[in-house]
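All of these numbers come straight from a predicted model, not from anything done at the bench.
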Amino acid sequence: MSARSRIDIIKRDKSPDRKRRDVSRSPSPSRKRLDRGDRKHVPQSARHDKAKEQSRRRREELEQQLIEEEALSKIEQAIQKTVDDQLESEEIKAEIERRVEEEIQRRIQREEDQREEKRKREMEEAQRKQSELSQQKRREEEIIKEQQAAEAARLGKMEEERLKELENKRLEREEEERRKRDAELREKMQQQFIMNKNTRSQQVRPKISFSMGFGKK
């Protein structure tokens, strides 16, 4: 759309901003009063020329504004086209692909690091639990060993007392048997002594009787 066409459209449909600008450019009330007061003294052709001049200035201002807007639009389009062209270029595509690939690799690496960290934590937790189980098992084994040692000592003491008791009984039996043998031996010796004494007594008596009988004759 050309600048001239835009001017025609603006003439038909002025925006509120432009109306305000037009109002701001319009003469003040005091000036209007002066103009009304002097209007009868101003020729009709001069008033017509002044209106034409104001219309011309307003049209030039609108044209300048439209030209500036169109130039700004063209600049924006040129910038956008430059950006689009750059985005379509092979270097930019390669750069975008490289950055996308780098981001993908960073995310993959981050996920791998997170998995590795999780695996390490799980391994450390498993090692800690295993260490606790091992310590608990060692404590239980030590308690069992202590209990076994105490039981073995108790059984050893009981066995020692039993053996001591058996030894005392054996000594008592031997002492009893010795006393019994001694008693039997004494009794046997006494019996032998008595038998020997009786035997000697019997041998002495006949001799005495014989001697006595011989004397009577």
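Here the CD-CG distance, from E159 to L166, works out to 8.0 Å after rounding to the nearest 0.5 Å. Here the CD-CD distance, from E172 to E176, works out to 9.5 Å after rounding to the nearest 0.5 Å. Distance check, rounded to the nearest 0.5 Å: NZ of K74 to NZ of K81 gives 14.5 Å. Between atom CD of residue E187 and atom CG of residue L185 there is a gap of 10.5 Å, rounded to the nearest 0.5 Å. Within the model, atoms NZ of K188 and CZ of R181 stand 13.5 Å from one another, a figure rounded to the nearest 0.5 Å. Between the CD atom in E122 and the NZ atom in K118 there is a gap of 5.5 Å [rounded to 0.5 Å].
By the 4.5 Å heavy-atom criterion applied to side chains, Q80 and Q77 are not counted as neighbours. In this structure the side chain of E117 reaches within 4.5 angstrom of the side chain of R121, judged on heavy atoms.
Between R162 and E165 no salt bridge is recorded (no basic side-chain N to carboxylate O distance below 4.0 Å). The pair K145-E141 fails the salt-bridge criterion, with no side-chain N (NZ, NE, NH1 or NH2) lying under 4.0 Å from an Asp/Glu carboxylate O. Taking a cutoff of 4.0 Å between a charged side-chain nitrogen and a carboxylate oxygen, E95 and R99 qualify as a salt bridge. Between E102 and R98 a salt bridge is recorded (basic side-chain N to carboxylate O distance below 4.0 Å). Under a 4.0 Å N-O distance rule, the pair R178/D182 qualifies as a salt bridge.
The side chain to side chain contact (heavy atoms under 4.5 Å, CB included) search around E174 returns R170, L171, not counting sequence neighbours. Taking the side chain to side chain contact (heavy atoms under 4.5 Å, CB included) definition, one finds that I79 meets it with I75, V83, sequence neighbours left out. Contacts of Q105 classified as side-chain hydrogen bond (donor to acceptor under 3.5 Å, both in side chains), with partners at least two apart in sequence or in another chain: E101.
Under the 3.5 Å distance criterion, the side-chain polar atoms of S73 are left unmatched by any main-chain donor or acceptor of E69.
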Anything under 3.5 Å between a donor and an acceptor, one on a side chain of residues 107-114, the other on a protein residue two or more places apart or in another chain? List them.
from : atom 1 : to   : atom 2 : distance (Å)
R107 : NE     : E103 : OE2    : 3.2
Q109 : NE2    : D113 : OD1    : 3.0

Sequence neighbours left out, cut at 3.5 Å: what donor-acceptor pairs do the side chains of residues 123-133 make with other protein atoms?
from : atom 1 : to   : atom 2 : distance (Å)
E125 : OE1    : R128 : NE     : 3.3
E125 : OE1    : R128 : NH2    : 3.4
E125 : OE2    : R128 : NH2    : 2.3
R128 : NH1    : E132 : OE2    : 2.6

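Checking N196 against Q192 by side-chain atom types alone, a donor-acceptor pair falls below 3.5 Å.
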Verdict with reasoning, Q136 to E140, per side chain to side chain contact (heavy atoms under 4.5 Å, CB included): CA-CA 6 Å; Q136 184 178 358; E140 291 175 353; 3.5 Å; yes

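Pairs engaging residues 146-158 under the salt bridge (charged side-chain N to carboxylate O under 4.0 Å, His left out) rule: E151-R154 [sequence neighbours left out].
When each of E60, E61, E53 is paired with R57, the salt bridge (charged side-chain N to carboxylate O under 4.0 Å, His left out) condition holds for E53 and for no other.
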